[in-house]
2 protein chains.
Amino acid sequence: MPPDTKTRILDAAETRFAEHGYSATSLRDITTLATANLASANYHFGSKSALLEAVIRRRVVPVNNERLRLLDELEAKVGSGRLDVEPVVRAFLAPVFQTTVESGFREPKFMQLVGRMHSETNSDFRDVFLRLFVEVGKRFGSAFSRARPEIEAGEVMWRLHFMIGSLAHTMVWERYVGEMLAPPARDRQELLGALTRFVVAGMRAEGVQSGETGSAAR
Amino acid sequence: MPPDTKTRILDAAETRFAEHGYSATSLRDITTLATANLASANYHFGSKSALLEAVIRRRVVPVNNERLRLLDELEAKVGSGRLDVEPVVRAFLAPVFQTTVESGFREPKFMQLVGRMHSETNSDFRDVFLRLFVEVGKRFGSAFSRARPEIEAGEVMWRLHFMIGSLAHTMVWERYVGEMLAPPARDRQELLGALTRFVVAGMRAEGVQSGETGSAAR
DNA sequence: GTCTATATGCGGATAGAC
DNA sequence: GTCTATCCGCATATAGAC
């Protein structure tokens with residue numbers, strides 16, 4: 001257990017937000033788990049939503065920085081040459097699975113939190129998260145458009161969303177799949193591999209064909 | 001506005017659960033929107049979680065029935081022959097986009113609700129939803145395994161999750177993407193088409209290659 | 001910085017008149 | 001079936017002693 005109260009509260013909040021979501025978690029619950037006094041949460045963070053913001057920032061900023069770093073590296077390497085889909089997908093997905101981006105990541109709580117950040121549409125949650133995500137979204141959108149120039153830009157953006165959705169859903173439900181379907185019981189790297197294969201293939205798919213619509217083949 | 005109070009409450013609850021989620025929505029908010037008395041919610045449904053269950057059932061049961069019907073039809077058609085990935089994907093995705101499965105679907109509220117049902121892990125929400133989803137999950141898992149027999153069963157199950165994630169995330173965020181990325185402004189059928197292309201390609205991807213792991217190519 | 005105590009309001013649920 | 005009024009617990013937040 002971390003020594004200072006502020007960090008303990010941050011950790012406890014992360015755990016509970018990941019498990020139950022923002023609205024369903026009370027400060028009482030958080031401070032109890034943190035073995036801290038109820039009032040200390042407001043003393044250190046000011047309000048519940050400010051605490052949420054601190055929790056998100058602590059995790060998202062390093063992951064997004066790592067994503068951008070990998071993308072920079074990749075773009076520098078290929079120069080003005082051809083940009084392949086696969087390394088771009090990896091640059092986006094891998095940092096989430098990487099437990100050592102910054103010291104202190106405790107699995108699998110963090111994975112769930114990331115998943116929830118993408119799926120939660122509570123306005124407090126969303127506002128904070130969107131602010132932190134805009135740059136990454138734009139950079140990766142451009143990178144995928146460059147890797148798949150034949151695909152219309154709008155469809156590329158949707159594919160970015162599909163990728164995020166696959167990632168987020170996997171993170172959130174990872175520990176519940178056993179209740180729902182036979183648990184495949186993979187380790188993290190295998191899961192990242194499976195997700196990468198799926199997304200890379202999706203990104204490489206042909207765009208809409210002439211004459212075809214979404215309701216075709218029915 | 002529907003005539004009877006019970007339906008109005010159901011509609012209002014659906015709207016608010018879709019917009020803000022279960023925990024963040026109060027019965028007061030729901031009954032006000034429904035122009036009904038606070039006490040009437042408990043009179044008609046017994047409790048908040050029972051209301052949630054009614055909301056989910058009303059929408060999920062017809063969609064899942066339609067999914068199973070399409071899959072039955074497909075399996076009957078191909079008999080013991082080859083089962084292609086694409087129509088299975090379509091059988092899963094299309095009923096969600098079909099606004100006329102049962103009369104009374106009001107877009108795009110319903111799409112958001114479906115998205116939330118897949119992403120919400122609040123235990124009330126999850127329990128109800130899992131119960132309704134188990135059969136569909138198993139049937140489609142088997143169908144995909146049959147369509148992609150070379151892929152290990154565990155990976156097929158994960159791909160099913162990836163598909164659900166893409167779908168759910170798209171539903172939940174459809175109306176927010178404008179805040180986040182340039183809005184592609186597609187219509188529903190185009191969106192279904194884009195999602196189908198992505199998922200079909202993902203499902204058709206090769207499985208893990210010998211010697212490769214998820215952390216490869218880094 | 002940490003605690004107790006408390007202000008203040010919203011939450012779900014229900015009793016009981018009509 | 002629908003209403004008012006209310007119970008009662010839990011929520012966030014803060015005041016103020018130590």
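The chains referred to below are lettered A, B, ... by the order of the sequence lines, with proteins before strands, and numbering in each begins at 1.
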Whole-Å distance between D:dA5 P and B:Asn37 CG?
-> 11 Å
At under 4.0 Å between heavy atoms, what does B:Ser26 touch on the DNA or RNA strands: base, sugar-phosphate, or nothing?
-> sugar-phosphate
d(CG, A:Leu27; C1', D:dA11) in whole Å | 9 Å
First contact, last contact: which nucleotides of DNA chain C are these for chain B, 5' to 3', heavy-atom distance under 4.0 Å?
-> C:dG11 to C:dT14
Between P of D:dC10 and NZ of A:Lys48, the distance in whole Å | 15 Å
I would like to know whether B:Ser23 and A:Tyr22 meet side chain to side chain contact (heavy atoms under 4.5 Å, CB included); could you show each step before the answer?
-> CA-CA 9 Å; B:Ser23 315; A:Tyr22 176 68; over 6 Å; no
Between A:Tyr43 (OH) and D:dA15 (C1'), how many Å, whole number?
-> 15 Å
NA contact type, B:Thr25, heavy-atom cut-off 4.0 Å: base, sugar-phosphate, or nothing?
-> sugar-phosphate
Any side-chain heavy-atom pair of B:Leu93 and B:Met163 under 4.5 Å = yes
Hey, does the Lys NZ or Arg CZ of B:Lys6 hover above the aromatic six-ring of B:Phe45, less than 6.0 Å from the centre and inside 45° of the axis?
-> yes
Verify whether one side chain among B:Asp4 and B:Thr7 offers a donor that lies under 3.5 Å from an acceptor in the other.
-> yes
Between B:Ser23 and A:His44, the residue closer to the 5' end of DNA chain C by nearest nucleotide is A:His44
Closest heavy-atom pair, B:Val156 versus B:Gly141, reported as atoms and distance to 0.1 Å, is CG1-O, 4.0 Å
Donor-acceptor contact below 3.5 Å, side chain B:Asn64 vs main chain B:Leu132 | yes
